[in-house]
Structures are given as structure tokens and as C-alpha cells.
Amino acid sequence: MLLQDDLLSKIIEQLIGAGADFAEVYVEDTRKRQFTYLNARPDRAVSGHTLGAGIRIFSGTEQIYTYTNDLSEKGLRRAAENAAAALKSRTKIPLVPPEQAQIFNPRPEGLTTRDSDFHWQQLALVDETARAVNSLVTQVQADMTETVKTVQIMNSEGINRSEVRNYLSAIAFAYAEDGGEKENGHKRTAFLGTSDDWDQVDFRDLGQGAAEQALRILRAEWAPAGEMPVLIDSAFGGVIFHEACGHGLETTSVAKNASVFCGKLDERIADECVTAIDDGTLLGDYGSLEIDDEGEPTQRTVLIEKGILKSYLVDKIGARKTGYKITGSGRRQDYRFAPTSRMRNTFIAPGESTFEEMLKDIDYGLYAKDLGGGSVMPGTGSYNFAVNEAFIVRNGKIEKQVKGASLIGTGIETLGRIKKVGKELKLAAGTCGSVSGMIPVTVGQPPILVSKLTVGGKV
């Protein structure tokens, strides 16, 4: 634990005594180091340390939040006084004694089990492998990041829980150039683990994968534009559901009536082939937790079951505002942010169709093999996502690779147009930004066939 129970109990008592009807102290100690290899040599090694506490109180559905990096009793009491001073109404409620402290995942910290030489050797391997693929590969960047986050949460409802979370991430970028044209490719892996778990990563594969993708894109023709069926591949293809639908299922939006999914519980919003899940319990996946940042046990939440909307993602304040049951989805970047309802590992569940069956359904359309970044309007779910790698499909067969494509639509409309879902689920790690900051997540899906999407490209 980071702070003594009796100190946190004093702060909780102070806040409840001041008239709050809920009080919470969140303490965090995060240590991080990142190694970057660029221009075929070590570029920089950066380390960071985040230490502080967030104090949150409720008065009905009003939420007040303050934070401090002074973890002395004086510093915490001062932050508590600042929070209590903002209360507009005051109540008197019984205080629930804190439970016996529970510590989840007391893993070794893992930041010192491998020295810097190990990291530089792995990153050099990425660089050498990528450059060896083809002389057209002109630049390579490779990064390794290790993060150890320890959190401690105590609240006025008796929660007294801590968790140690260890994150590993490695990514390779490769740039290929020919005749004045330049394209880039990348490949990433990220998961929960200590430095010892780097042995699971094939660093040669990272470099080769990034370089080969850059070369494929470099040689591709420009994509056409128009409406057409689109077969979206597995893994990071799930980013569309995450961004265009998942955020609209968080009570962060639902409680404000700012989502197209408001009021649609138990209604059909997709074909029977679509089941979507947000699961924080998957072993080792990047968005997994044992407890969320409100101290609630994480869980598997079925959002859509056979096309029917079954649940939202609900944090503590969201539950107060909507009456829905908490789903263990309260998350935050660090102690400077109040938690909000956020996704964990979010994916479309496997269906019954084969990849070949879905291809045969397309007379003329697009196969989106790998998606890139994009933009989303949270309230409407309108999105525009770049496609890193795409192929024209004609008469049920993949014809040729194209580049410069984008997918344009809305989440709820796209859900309704998913006609087939593949059998093989793959997940991909990433980070997600929202009102409570950047957090590690996983997205995913099997291949899915969307009957019609607007494809941006060259007219």
C-alpha cells in the first residue's frame, strides 16, 4: 500500500463530516521508462515518476474533484478542505468502516530486472531487420515502454483496495521511399507483464512487419471513392466499434442524453449476428484490470447480444445519474483526473461465417485489412477512419492493393449494416482518450462484412 489506512480513514471522515454523501481518496504511484532507437542508433531514454492523490466527493449527482501531489496529512487535509468548500448542500450519512485492505496483483515492479543494454539490443534488432527487408526502407524508429502503476483506493462505502499494474509496449515504424514517394508502416505489441516478459516478443517480426507494410503501401494504386460493401478485417478493425459505438455506450455520454444509444436498452440495434462485449478480465490484455479506478471489481459486460442492446458501461457517478448498475468501468489516466465510465477490452464476438464466404458476397467492394487513425463525433458516432492497407475485391476475389482509402459513416448505421461476422477473433492493443485522459485499452473483432459504407479515395 502507498499510504497508511488510518491516514486515509481520517480524510474520508473529514469529507463525510463536512457534509458529502460519498467520499473517495485515490492514491497513485506510477513509474515509467521509454527507450527510443532512431537513425540506426540509440536516440533517447526517458524515465518518469507520477505520485499524487485525487479526492472526490458527491452530493447527490453533483461531483467535486481535487488533487494534490503533497501526500502528507497536511497536504491531504488541505485538498479535502478545498473539495468540501465547493459543496452546495450538505448531508449527514453513516460512515462505513473500511474493509481489511485487499491488494491485487502484487507483482514485482519489473522496471529494473533488465538493464538498458538489453533494451538497446532488442531495438537494434528491430532496426536491422527492417532495413534488411529492402533498400527502399530509408528510416526506422523503434520504441520500448515499461510502466508500473500502483493505485490505492479508499471510499466512504468501505472499499479499501490496491492494485499493481505492469504494462509493456513496443512499436516499430518503418519508412519506405521511391521516386519521391514516401510511405510508412508500423507494427505494435502491448500487454500486461514485467520486464521478464519481453521474452514473449519477437522483435525481428516487429521490424519486418513494419517494413513490409510500408513497402506494400508504397507500391499500391490509389483507392477509388464511392459507396460499396466493405469487408473489415480482424484485430485493429475493431477500432471503429470502439470509437463510433463504444463511447456512445458509456454513461459519460448516456447520462447527459448525448448519445444516439440513449433509451435503446433491450431494443434491436444490429443484426442477430452481432454480439459486442467489453471485458476487463482477459488475462494479460492491455485493457485488463482486477479493480477499476473506483476500486470496483472489473467484469465482463455484454453490451450487445445478438443485435439487442443489453447494457451500458457504468461508473459510480453514472450509476447515480441513470440508475443503471455499476459495471466496474470507472477509469482515469492518473490522479489528476476524476474517473469516468471507460472501455477496457472491447470487441465484437466471433460469428459463424468464413472469410471466403464473406468475400464471395462482394461483387465489387473493398477489403480493409488494416485501419489507421481517425476522427469521431462522440454524440452522433459519425466517423472518418483512414485505412492503412486496403484491397479491391471483384467478383468475390481480392484483385489488387490500393492506398489512400478512408471509411466514412456513423456507428449506429454501420452496426445495422453488418451482415456477416467471421469466426476468428483477434485483439489489438492501443490507447484511448476521453474526458478522464489517456488509458490503455484493447480493441478487436473477427472479420466483419458491412453491406454498404462510404469509401473516401481518389475520384
Side-chain angles (χ1 to χ4, degrees), residues 36-41 43 123-145 169-190 201-226 228 230-240 243 365-376 383-394 398-408 426 428-431 443 447 453-459:
T36 298
Y37 202 88
L38 183 65
N39 294 318
R41 63 178 182 269
D43 182 62
L123 295 175
L125 195 59
V126 172
D127 183 275
E128 292 163 7
T129 305
R131 293 179 187 276
V133 170
N134 194 291
S135 61
L136 296 178
V137 175
T138 56
Q139 182 61 286
V140 178
Q141 178 179 328
D143 298 279
M144 292 172 71
T145 305
S169 175
I171 187 166
F173 299 93
Y175 300 82
E177 187 172 3
D178 188 21
E181 283 195 56
K182 181 180 287 188
E183 299 290 352
N184 70 84
H186 73 278
K187 191 165 185 177
R188 181 185 189 187
T189 184
V201 178
D202 186 340
F203 286 92
R204 289 187 177 87
D205 182 64
L206 286 179
Q208 182 172 336
E212 289 179 347
Q213 184 183 65
L215 291 164
R216 288 194 299 268
I217 298 171
L218 184 67
R219 294 162 179 156
E221 301 178 16
W222 290 101
M228 62 188 75
V230 178
L231 174 55
I232 305 175
D233 210 346
S234 54
F236 203 68
V239 71
I240 287 184
E243 293 288 357
L366 192 77
Y367 164 41
K369 182 180 179 182
D370 182 45
L371 296 190
S375 60
V376 178
Y383 64 83
N384 186 323
F385 276 92
V387 185
N388 289 334
E389 288 195 80
F391 298 80
I392 294 297
V393 179
R394 195 184 300 272
I398 295 175
E399 184 179 77
K400 60 182 178 181
Q401 185 161 3
V402 292
K403 62 183 176 183
S406 61
L407 303 181
I408 303 164
K426 292 182 180 179
T431 54
V443 302
L453 269 180
T454 300
V455 175
K458 281 200 170 183
V459 180

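Everything numeric in this text was worked out from a predicted model, so none of it was measured.
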List in chain and number order the residues that pass salt bridge (charged side-chain N to carboxylate O under 4.0 Å, His left out) with [X], two or more places apart in sequence or in another chain; answer none if no residue qualifies.
X: D202; value: none
X: E212; value: none
X: K403; value: E181, E183

Only counting residues at least two apart or in another chain, list the ones meeting side-chain contact (heavy atoms from CB on, under 4.5 Å) with [X].
X: A405; result: A223, L366, V387, A390, V455
X: K369; result: R216, D233, Y367, E389, F391
X: A429; result: A190, Y286
X: A211; result: A130, V133, V137, A174

Looking at residues at least two apart in the chain, or sitting in another chain, which of them share a side-chain hydrogen bond (donor to acceptor under 3.5 Å, both in side chains) with [X]?
X: T36; value: D143
X: S169; value: R188
X: E399; value: R394
X: Q139; value: N39, R131

Mind checking ring-ring contact (aromatic ring centres under 6.0 Å, His included) for F173 and listing every partner two or more places apart, or none if nothing turns up?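 Scan of F173 (ring-ring contact (aromatic ring centres under 6.0 Å, His included), adjacent residues dropped) gives none.
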
Can a side-chain donor-acceptor contact be found between D370 and Q213 if the only test is distance below 3.5 angstrom?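 A pair is found: one side chain offers a donor N or O, the other an acceptor, under 3.5 Å apart.
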
Measuring only between side-chain heavy atoms, which start at C-beta, is T189 closer than 4.5 Å to D205?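 No, every pair of side-chain atoms sits at 4.5 Å or beyond.
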
